[in-house]
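All remarks here apply to the structure that follows.
Quick caveat: nothing in here was measured; it's all calculated off a predicted structure.
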Amino acid sequence: MDRAGFTTSCGAGVDGVVCTQVKKAFLAMVANGVRAAPLWNSKEQCFVGMLTITDFINILHKYYTSPMVQIYQLEEHKIETWRESYLQGSLKKLVSISPNDSLFDAVYSLIKNKIHRLPVIDPVTGNVLYILTHKRILKYLHLFASKLSKPAFMKKTLGELRIGTYRQVALVEETSTVFQALTIFVSRRVSALPVVNELESCCSES
């Protein structure tokens with residue numbers, strides 16, 4: 001795997017280095033059609049974190065109204081600069097699993113660490129083999145549901161199980177600005193926003 005820049009990797013999308021410019025990282029992820037990429041630290045010779053679409057939302061939101069940095073200057077900013085300034089010493093060790101770990105271990109790790117993406121790393125080579133997500137796990141369960149034992153709660157309704165958000169749902173209106181949407185994404189820590197019209201009827205999802 002070439003870690004000198006961004007490149008496609010085995011099932012993991014793109015692999016980035018922390019000294020890469022933010023603009024280059026964003027374009028690479030868009031070109032490869034991925035929402036997250038593992039970050040490689042050349043000095044430490046290991047993966048140190050994940051770069052996600054949420055990071056780009058936070059970057060745009062933070063610097064859009066910043067008096068210190070013009071928005072166009074972000075094109076030259078490096079990922080490591082952003083990580084150091086935004087996380088301010090709260091950098092955590094990358095959470096990952098081995099391909100030998102069980103599906104339960106993966107689900108438990110996602111829940112325990114409150115993360116949406118879990119890198120599967122080869123214990124021998126140290127390469128990222130795959131990025132495990134909630135969507136992939138749900139797809140697996142759906143495809144093989146007929147071969148798995150079904151717990152009793154599968155017959156209950158979403159309302160009975162209280163799965164989902166039923167109060168204070170975060171949303172934006174058709175007339176909302178992009179910055180207003182970014183603010184809600186950051187403050188409410190959500191990954192999607194229903195777009196409603198003046199009658200509060202859902203038009204689409206952003």
Side-chain angles (χ1 to χ4, degrees), residues 1-64 71-87 91-99 101 103 106-107 109-110 113-143 178 181-182 185-186 189-193 204-206:
M1 183 184 296
D2 177 16
R3 296 188 176 115
F6 274 78
T7 178
T8 56
S9 61
C10 182
V14 291
D15 166 32
V17 291
V18 292
C19 59
T20 301
Q21 293 175 349
V22 170
K23 179 182 178 180
K24 184 178 180 182
F26 176 75
L27 293 177
M29 290 176 65
V30 171
N32 286 275
V34 297
R35 298 184 178 183
L39 280 176
W40 176 261
N41 189 309
S42 300
K43 296 179 181 178
E44 300 179 12
Q45 288 294 295
C46 65
F47 288 102
V48 294
M50 293 289 294
L51 181 68
T52 70
I53 292 300
T54 301
D55 290 310
F56 293 111
I57 290 176
N58 286 328
I59 289 172
L60 288 173
H61 181 263
K62 181 178 178 65
Y63 290 111
Y64 181 75
I71 194 70
Y72 68 85
Q73 291 179 287
L74 293 179
E75 295 184 357
E76 305 301 323
H77 275 216
K78 295 181 179 180
I79 296 174
E80 60 183 349
T81 302
W82 162 250
R83 281 166 56 82
E84 292 172 358
S85 62
Y86 180 73
L87 298 177
L91 291 172
K92 298 180 180 179
K93 183 179 179 181
L94 175 66
V95 178
S96 64
I97 59 171
S98 161
D101 290 328
L103 181 59
V107 172
S109 184
L110 285 166
N113 295 287
K114 297 181 180 180
I115 54 179
H116 295 90
R117 298 170 181 85
L118 187 62
V120 180
I121 298 181
D122 189 316
V124 178
T125 65
N127 288 336
V128 175
L129 304 175
Y130 198 74
I131 303 297
L132 192 62
T133 64
H134 296 86
K135 180 180 178 180
R136 295 296 183 183
I137 294 176
L138 290 173
K139 183 177 182 179
Y140 171 83
L141 293 175
H142 173 71
L143 291 175
V178 173
L182 290 176
F185 273 121
V186 173
R189 301 188 67 180
V190 293
S191 57
L193 286 173
S204 63
E205 187 176 67
S206 62

Can you tell me how far the OG1 atom of Thr133 sits from the CD1 atom of Ile115, to the nearest 0.5 Å?
11.5 Å
Only counting residues at least two apart or in another chain, list the ones meeting side-chain contact (heavy atoms from CB on, under 4.5 Å) with Thr52.
Ala36, Met50, Thr54, Asp55, Arg117
Considering non-hydrogen atoms only, spot the tightest contact between Pro99 and Ile121 and give its length.
CD-O, 3.4 Å
Partners passing side-chain contact (heavy atoms from CB on, under 4.5 Å) against Ile137 (at least two apart in sequence or in another chain):
Leu103, Val107, Leu110, Leu132, Leu141
Grab the two heavy atoms, one from Val190 and one from Phe185, that are nearest each other, plus how far apart they are.
O-CD2, 3.2 Å
Knowing that exactly one of Ile97, Asn127, Leu129, Ile131 qualifies, which makes a side chain to side chain contact (heavy atoms under 4.5 Å, CB included) with Pro119?
Ile131
What closest approach, in Å, do Trp40 and Phe47 show between heavy atoms, and which atom pair accounts for it?
CE3-N, 3.7 Å
Nearest heavy-atom approach of Ser98 to Val120 is C-CG1, 4.0 Å
Measuring from His116:NE2 to Arg35:CZ, what's the distance to the nearest 0.5 Å?
11.5 Å
Output the distance between atom NZ (Lys139) and atom CZ (Arg136), rounded to the nearest 0.5 Å.
5.5 Å
Shortest non-hydrogen contact from Ser109 toward Leu118:
OG-CD1, 3.8 Å
